[in-house]
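In what follows, every chain begins at residue 1, and chains take the letters A, B, ... in the order their sequences are listed. Being a predicted model, the structure only gives us computed values, none of them experimental.
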Number of protein chains: 2
Amino acid sequence: MNNEPSVFIVDDEEPIRSALALLMESVGLKSESFSSAQEYLDQFDATKPGCLILDVRMPGLSGLDLQGRLGAEKIHPPIIIITGHGDVPMAVRAVTAGAVDFIEKPFNNQSMLDNVHRAIEQDAKQRGESSRLQDVEQRYDDLTPREKEVLQCVIDGKRNKIIASEMNISQSTVEAHRSKVMEKMKANTLSDLMRMSLLLKLIQ
Amino acid sequence: MNNEPSVFIVDDEEPIRSALALLMESVGLKSESFSSAQEYLDQFDATKPGCLILDVRMPGLSGLDLQGRLGAEKIHPPIIIITGHGDVPMAVRAVTAGAVDFIEKPFNNQSMLDNVHRAIEQDAKQRGESSRLQDVEQRYDDLTPREKEVLQCVIDGKRNKIIASEMNISQSTVEAHRSKVMEKMKANTLSDLMRMSLLLKLIQ
DNA sequence: GGAAAAATTAGAAGATGTAATAATTTATAT
DNA sequence: ATATAAATTATTACATCTTCTAATTTTTCC
């Protein structure tokens, strides 16, 4: 597997693409260029780390459209938007939709690199969090329906006795489910279990 | 106590202030107007619910300056920024600093009202969360240093025996501290305690 | 210096949770 | 229909946590 982050450059103007590619190369960053949003989407692979430099105005899918599509993905590279003729509402929309930056052309090379580095760091961070989450989600999915019920009761702080009477089963059964839950979730302590339940948003 | 939310209007131009005040009155919203950022700051009261409509360009403290000051407060009303001559970088800066919106004059009355209502809702929500948090913080502050240490160990999932040996005290002492912690924090169960510790960011 | 708060310890009784083992009854799916 | 997984129960022994009572030592503050 290749862990090295890439800068994905999506712009319909060739000179911009090569200028950005060159800029990235100059600091040892790998880059991949695409001349349209669709072309990027076609090869999109959620597992590839990096960040995205995206032009707003392009034939076909616009940059903001692409941003919208990516927003539906579980994880995607942080997006830096560049534009030749941006207006304020467009910038506000892009940033509130989660873009890490919105930069007007012509941009300053150094500040672009700063932004790229920050975005790549952010990507690495959220990618780490996401992989932990997926681990835990996998374990949770392995629980049987009954075990999930018991888990919910446990994180609500209910005693085994209470759980048993609420579920109309014996305390022994609750204990059996509970120990299965701990085993399957790989939790050593109740607080482990609570921390995982947090990630899974079973709490609050 | 007065729970009714206010729209705080901060703009150096009188006509804008009265237009906005009138607009708010037309939908039954209370408003308070200020002709400068300093004037608003002088009367600022974190306990007053509502939202803030803020002009960027003003003599003295600018809108963005005021936004920065408020950002240092524990809680403040959501900020809607309005501007006559905004540029993209300014908008990006304001939104990434947490402004809920950045609107250019002249604005559409209806969309302004929509934004105001959304902001007031958001304020009510974060105000509720913040008051729960303050409750819990108050209780936490009442813990003695030793009790705080024990609490940290407990939420790390350590057993009393382990805590005792790590702190070089007897298990009885740990039990004593622990029960004091539960009592002072008003936690009935371990999961109550974990939930509160989350709010306090003692976890992760 | 002395009052008040905090930290410390112990012991005992009872509640609660855990682990290991074993067995029966229900689903579920091929 | 029949393996397989899930759900159910019980028992025993042990570990752990909780509560209560009572007391001593140490700090802290006025």
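Residue pairs that meet the side chain to side chain donor-acceptor pair (under 3.5 Å) test with at least one member in residues 181-195 of chain A, sequence neighbours left out, are Glu147(A)-Lys184(A), Thr189(A)-Ser191(A), Asp192(A)-Arg195(A).
Atom CD of Glu25(B) is surrounded by 12 or fewer heavy atoms from other residues, nucleotides or ligands within 6.0 Å. The number of heavy atoms from other shown groups lying within 6.0 Å of NZ (Lys105(B)) is above 12.
Salt bridge annotation for Glu121(B)-Arg118(B): absent, with no cationic side-chain nitrogen under 4.0 angstrom from a carboxylate oxygen.
Exactly one residue among Asp142(B), Asp135(B), Asp141(B) makes a salt bridge (charged side-chain N to carboxylate O under 4.0 Å, His left out) with Arg139(B). That residue is Asp135(B).
Heavy-atom distances under 4.0 Å link DNA chain D to Arg159(B), Asn160(B), Lys161(B) of residues 142-163 of chain B, given in residue order. Within residues 172-194 of chain A, the residues having any heavy atom under 4.0 Å from DNA chain D are, by residue number, Ser172(A), Thr173(A), Ala176(A), His177(A).
With contacts defined as side-chain heavy-atom distances shorter than 4.5 Å, the pair Thr173(B)/Ser170(B) qualifies. At least one side-chain heavy atom of Leu70(B) sits less than 4.5 Å from a side-chain heavy atom of Tyr40(B). The side-chain heavy atoms of Glu32(A) and Val7(A), taken from C-beta on, include no pair separated by under 4.5 Å. You'll find the side chain of Met185(A) reaches within 4.5 Å of the side chain of Leu143(A), heavy atoms only.
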Let me see the working for Asp114(B) and Ser111(B) under side-chain hydrogen bond (donor to acceptor under 3.5 Å, both in side chains), right down to the final yes or no.
CA-CA 5 Å; Asp114(B) 290 345; Ser111(B) 77; over 6 Å; no
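When DNA chain C is scanned 5' to 3' for any atom under 4.0 Å from a heavy atom of chain A, the first and last hits are dT16(C) to dT18(C).
Remark: Glu39(B) engages no residue in a salt bridge (Lys or Arg N to Asp or Glu O under 4.0 Å) (not counting sequence neighbours).
A side-chain N or O of Ser18(B) and one of Glu14(B) form a donor-acceptor pair less than 3.5 Å apart.
Taking five base pairs at each end of the helix from dG1(C)-dC30(D) to dT30(C)-dA1(D) and finding the rotation axis that steps the C1' atoms of four pairs onto the next four gives two axes whose angle is 60°, to the nearest 10°.
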